[in-house]
Amino acid sequence: MAIAPTFPPKTNGSLPRVDGPLKVTGSAKYTSDHNLPGMLYAVPVCATIAKGTITSLDTSRAEAMPGVKAVYHRGNIGKIFRAAPANGFSGIIEERRPPFDDDVVRYYGQYVAAVVAVTYEQAIAAASAVKVNYSIEKHDVREHLEAEEKPKVDSTRGTPDEAFASAPVKVDETYVTPTETHNPIELHSTVANWDGQSFTLYETSQAVVNHRGVMAQMLGVPEENVRVISRFLGSGFGGKLWPWPHCLIAASASRNLNRPVKLVVTRDMMFQNVGHRPQTQQRVRLGATQEGKLVALMHDSLNHTSILEDYSEGCSEATAYSYSTPNLRATSGLVRRNVGTPTSMRGPGAVPGLYALESAMNELAFQLKIDPIELRLKNEPQKDEGLNLPFSSRHFVECLKVGADKFGWSQRNPQVGSMKRDGLTLGWGVAGASWIAERMESEATVELLSNGTARVSTATQDIGTGTYTVLALIVSEKTGIPTERIEVVLGDTSLPPGAISGGSWATASLIPAVNDAVEKAQKALYSVAAGAGAAFANQKEDALEFTKGRVHLKGSAPESGVAFEEVLSKGNLRGVTGQGKSAGTFGDPNRKFSTHSFGAQFAEVTWEPETARLRVSRVVTVIDAGRIINEKPARNQIEGAVVMGVGMALFEETKYEARYGAPINNNLADYMLTTNADAPQIDVTFLDHPDTVLNSLGARGVGEIGLAGVAAAITDAVHHATGIRVRELPVRIEDLLQPARQVTT
C-alpha cells in the first residue's frame with residue numbers, strides 16, 4: 001500500500017506520522033486482516049512435553065470433524081528443506097529445523113502437527129482432538145547457567161588477569177537477567193496463497209527480503225516465485241525479524257490444498273515458538289586505582305540457547321569500547337536448555353551486557369566513594385580501544401553533563417536512604433548507554449511525476465517506528481517537494497531490496513540509497529528540461545538545479561525556474577525515475593572509524609519501606625544518535641524504550657516450570673509488563689550532532705539505544721534508596737526486605 005502524507009510539511013523538526021490516520025481509523029491492514037477468497041485457517045498442535053520422542057500421533061478423530069480439510073504432520077506435510085547457512089543478512093532463520101522434520105521433541109510447545117479447516121473455530125476444536133503419545137525424557141530448563149564448553153574470547157588486550165590481581169580496588173560480581181518474551185500487540189501471523197506456481201505471503205516480518213529468501217529455499221521454489229508483503233506491523237521488538245516454523249506450515253498447507261491459508265500464532269505460543277531474549281549470567285571484574293582509573297576489565301557472559309541452535313546474545317558488544325583500560329578480556333559461552341530458540345530482542349547483547357557493566361561501574365564508584373559520573377569521566381576513552389580506531393562521533397561526556405544538569409544531579413546526597421520527599425525515600429541512579437551504528441546494503445526508487453508528486457519505494461518495512469514519514473522527509477529535503485505530495489511505498493519484495501527493520505539501521509541505510517535515487521531522477525529531469533523546445537533548451541544540464549520543487553539555473557532564485565511537473569508535461573512524460581543504491585558497512589576491512597550512538601540514563605525511584613512499595617518516578621535520558629530526522633517519532637521511540645527498561649528492571653521474567661518445562665506465565669495477566677500506572681515521568685533530550693561518516697545527513701538510529709542502561713540506572717537508584725544491591729533482575733520486593741546489614745555492601 002502506498003502512503004501519501006496528509007499532514008502539513010515538517011515544522012520545527014517534527015512531522016506527525018503520515019500513516020497515523022490509517023492506523024487510528026482502522027484502515028491500515030495488518031497481516032491477519034487479510035481475508036482472501038476461499039481462505040482456510042490453520043492451527044498448530046503443540047507438544048506438551050519439553051523433551052522426548054513422539055511414539056504415536058492419532059489424527060483420525062480430528063480429520064472426521066466438521067470443516068477439517070487436512071491434519072498435517074511429519075508423514076504428509078510434504079518436503080520442506082533446511083535453510084543453508086546465512087550469508088551476511090541473507091538467509092537468516094533462528095530455528096533452522098523445518099517443522100515436523102523428525103519425531104524428536106526438544107522444547108515445550110514445539111509444533112508436532114497442524115489442523116487446517118474452513119473456520120478458525122473448527123480448526124481449534126480439531127487441533128485439540130489430535131492425540132499425541134510420547135516417550136518422555138528428563139528435560140532441563142534450569143535457571144542457573146554453567147559453562148558447558150570453553151568460552152569464546154570476544155575481545156582481549158593487555159594482561160587482564162595479572163592487572164586485576166594487583167589492582168588496589170576490585171569489583172567481582174555476577175549479574176543475571178532473566179528470559180524475556182517479546183509481547184507486541186500484534187501476534188505473529190502468516191496468510192499464504194499458492195497460485196499453482198508462486199507464493200504470495202502476507203507476513204508479520206521486520207525483514208521481507210530475507211524472509212523471501214529463506215522461504216524460497218525451504219519451500220524449494222525459485223526466489224522470484226515468492227512475494228512477501230508486510231505493509232504494517234503492530235511492532236515486533238526483534239521477534240519478527242526472521243521467519244519461524246509457522247510461516248512454513250501455512251505456506252506448505254496452501255500449496256498442498258491449493259487454497260489460501262491463514263495461521264495466527266496465539267498469545268501462549270508467543271512464549272514458546274517465536275523466540276525470546278535468553279537468560280544471561282554475567283561475571284564482571286573491574287580493577288582500579290584508588291583514584292578510580294580502570295586498570296583491568298573482564299566480562300564473562302553465558303546465555304541459554306536451544307538444543308539445536310547456537311544463539312549467542314553477544315553481551316560484550318559494548319564492553320571493548322565503553323571505557324579506557326589497557327587490560328581487557330570479554331568472553332561468551334552458551335548453555336543448552338530445552339527451550340525454543342532465542343532471538344534478537346530490542347538492543348540484543350548491549351542491553352543485558354550494559355546492565356552488567358554499568359552496574360559494576362556503579363558498584364566501583366560506591367566502593368571508591370566517588371560520584372558515579374566522575375568515575376565515568378575519569379575513564380572516558382579517546383578512541384575505540386577494542387578496534388584501535390577513532391570514533392566517528394562520541395558525545396558521551398556531553399550526555400552525562402547535560403543529563404546531570406536536567407536531572408538535578410548536583411543535589412544528590414550520596415548517603416544511602418538520605419533523600420526524602422513527601423514521606424518517601426528517594427533513590428537516584430545513573431548509567432551509560434551505547435549502541436552500534438551500521439549501514440546495510442539497500443536500494444530505492446524515486447519517481448518525479450507529471451502530476452506534481454513524487455514517489456519513493458523500497459522493500460523495507462515500517463514496524464511502527466516512522467519509516468514512512470522519514471522517507472517522505474528525506475525526499476522533501478532533497479527536492480523541496482512538500483511531504484504531502486510525496487508517496488511512500490514499503491513492505492513488498494516486488495520493490496527494490498531494502499534494509500531490515502532491526503538494529504536501528506533502517507534510516508541510516510536508506511538515506512544514501514534514497515539520496516542517490518533522487519539525484520538520478522533529477523539528472524533525468526535536467527535532461528528533459530534542457531531538451532529541444534524545453535524551458536532550458538539553450539542550457540547545459542549541469543547548469544541546472546532543482547530546489548523547492550522547481551528546475552532553475554544554478555545561482556538563480558527557484559522562483560525564476562519552472563515547476564518540475566511543467567517540465568515533464570511539456571516533454572509529454574508521465575515522469576522520470578532514479579534507482580539508488582547504498583553500500584553496507586558491516587565487516588568493512590578498510591573502515592577508518594568506529595561508529596556508535598551513545599547516551600546517559602538518569603533514574604529516580606521512590607521507596608516506601610512501611611508498605612514495601614517501590615516505583616520508578618522519573619527518568620531523564622540524553623541521547624547522542626547523530627542528526628534526528630524527525631524528532632516526534634524519535635522521541636516516542638526513546639520514551640517507549642524507557643518504559644521497556646522499567647519492565648526489564650522491575651517486572652519482566654518468563655518462568656519455565658520444572659515439571660513439564662513449560663513457560664508457566666505465558667499470558668499477559670501473569671507476564672508482568674509496565675503499565676501506564678507504572679510508567680515514570682520521562683524527559684528525552686537529543687544532542688543532535690550529525691555523524692556524516694555514516695551517511696550524508698548524519699543520522700543514526702534510535703530504536704535500541706533508549707533501552708540500554710535504563711535497568712542499571714534503576715537498580716543503582718534502588719541501592720541509593722534502600723542500601724540493597726540487586727544483581728538479579730527483575731527487582732523483587734523480597735530482595736528489598738533483606739537484613740539491614742546489606743546496606744554497606
Side-chain angles (χ1 to χ4, degrees), residues 29-47 57-80 98-101 109-132 186-205 211-212 214-216 218-221 225-231 234 240 243-270 272-274:
K29 214 169 192 179
Y30 293 83
T31 296
S32 62
D33 292 332
H34 289 88
N35 295 302
L36 307 180
M39 188 175 71
L40 303 172
Y41 294 83
V43 171
V45 178
C46 298
L57 195 150
D58 184 357
T59 63
S60 58
R61 183 179 167 208
E63 290 169 335
M65 293 177 72
V68 173
K69 296 298 181 181
V71 181
Y72 289 112
H73 46 80
R74 183 186 176 195
N76 65 355
I77 187 68
K79 184 64 175 176
I80 303 178
F100 317 147
D101 193 48
Q110 178 182 308
Y111 300 139
V112 296
V115 172
V116 183
V118 174
T119 70
Y120 180 58
E121 292 76 14
Q122 290 169 333
I124 291 175
S128 66
V130 175
K131 185 177 181 180
V132 188
E186 181 195 27
L187 300 165
H188 287 244
S189 57
T190 298
V191 177
N193 187 29
W194 168 256
D195 65 6
Q197 182 178 357
S198 300
F199 287 98
T200 299
L201 306 174
Y202 298 92
E203 295 282 3
T204 47
S205 174
H211 200 106
R212 176 184 62 185
V214 171
M215 295 296 284
M218 299 185 76
L219 294 168
V221 298
N225 286 12
V226 179
R227 181 185 180 191
V228 178
I229 299 172
S230 184
R231 304 292 193 195
K240 295 173 182 174
W244 292 100
H246 71 270
C247 308
L248 291 151
I249 292 173
S252 297
S254 177
R255 179 164 59 183
N256 292 340
L257 295 169
N258 204 30
R259 289 177 65 174
V261 172
K262 177 187 291 188
L263 194 161
V264 179
V265 171
T266 60
R267 183 60 65 182
D268 57 344
M269 292 178 193
M270 297 278 285
Q272 304 163 174
N273 305 96
V274 288

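Note that the structure is predicted; figures quoted are calculated from it, not measured.
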Which pairs count as side chain to side chain donor-acceptor pair (under 3.5 Å) when at least one residue sits in residues 248-264, sequence neighbours excluded?
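Of all non-adjacent pairs touching residues 248-264, those that pass side chain to side chain donor-acceptor pair (under 3.5 Å) are Asn35-Lys262.
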
Taking side chain to side chain donor-acceptor pair (under 3.5 Å) as the test, write out the residues that go with [X], two or more places apart.
| X | result |
| --- | --- |
| Asp33 | none |
| Glu203 | Thr190, His211 |
| Thr266 | Asp268 |

Before giving the answer on side-chain contact (heavy atoms from CB on, under 4.5 Å), spell out for Phe100 and Ile80 the whole-Å C-alpha distance, their side-chain angles and the decisive distance to 0.1 Å.
CA-CA 9 Å; Phe100 317 147; Ile80 303 178; 5.9 Å; no

Identify every side-chain donor-acceptor pair in residues 122-132 under 3.5 Å, counting partners at least two apart or on other chains, and give the distances.
from, atom 1, to, atom 2, distance (Å)
Gln122, OE1, Thr119, N, 3.1
Gln122, OE1, Thr119, OG1, 3.2
Ser128, OG, Ala125, O, 2.7

Applying side chain to side chain contact (heavy atoms under 4.5 Å, CB included), name anything that partners [X], two or more places apart in sequence or on another chain.
| X | value |
| --- | --- |
| Ala251 | Ala192, Phe199, Leu201, Met215, Leu219 |
| Ala42 | Val116, Val261, Leu263 |
| His34 | Lys29, Val191, Tyr202 |
| Pro245 | Glu95, Pro99, Tyr111 |

Among pairs that include at least one residue of residues 57-75, which meet salt bridge (Lys or Arg N to Asp or Glu O under 4.0 Å), considering only residues two or more places apart or in two chains?
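Pairs touching residues 57-75 that pass the test: Arg74-Asp103.
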
Got a second to check how far Asn273's CG is from His246's NE2, nearest 0.5 Å?
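It is 9.5 Å, given to the nearest 0.5 Å.
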
Side-chain contact test, heavy atoms from C-beta onward, threshold under 4.5 Å: evaluate it for Ile229 versus Thr200 and give yes or no.
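Answer yes - side chains close enough.
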
Contact between Leu187 and Met269 at the side-chain level, heavy atoms closer than 4.5 Å - yes or no?
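Side chain of Leu187 against side chain of Met269, heavy atoms only: no contact under 4.5 Å found.
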
When you measure from the side chain of Asn225 to the backbone N and O of Ala216, does any donor-acceptor pair fall under 3.5 Å?
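Absent.
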
Would you say the side-chain atoms of Ser189 pair up with the backbone N or O of Thr31, donor to acceptor, closer than 3.5 Å?
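No; zero donor-acceptor contacts below 3.5 Å.
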
Tyr72 and Ile77: which non-hydrogen atoms are nearest, and at how many Å?
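Heavy atoms only, the tightest pair is CB-CD1, 3.7 Å.
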
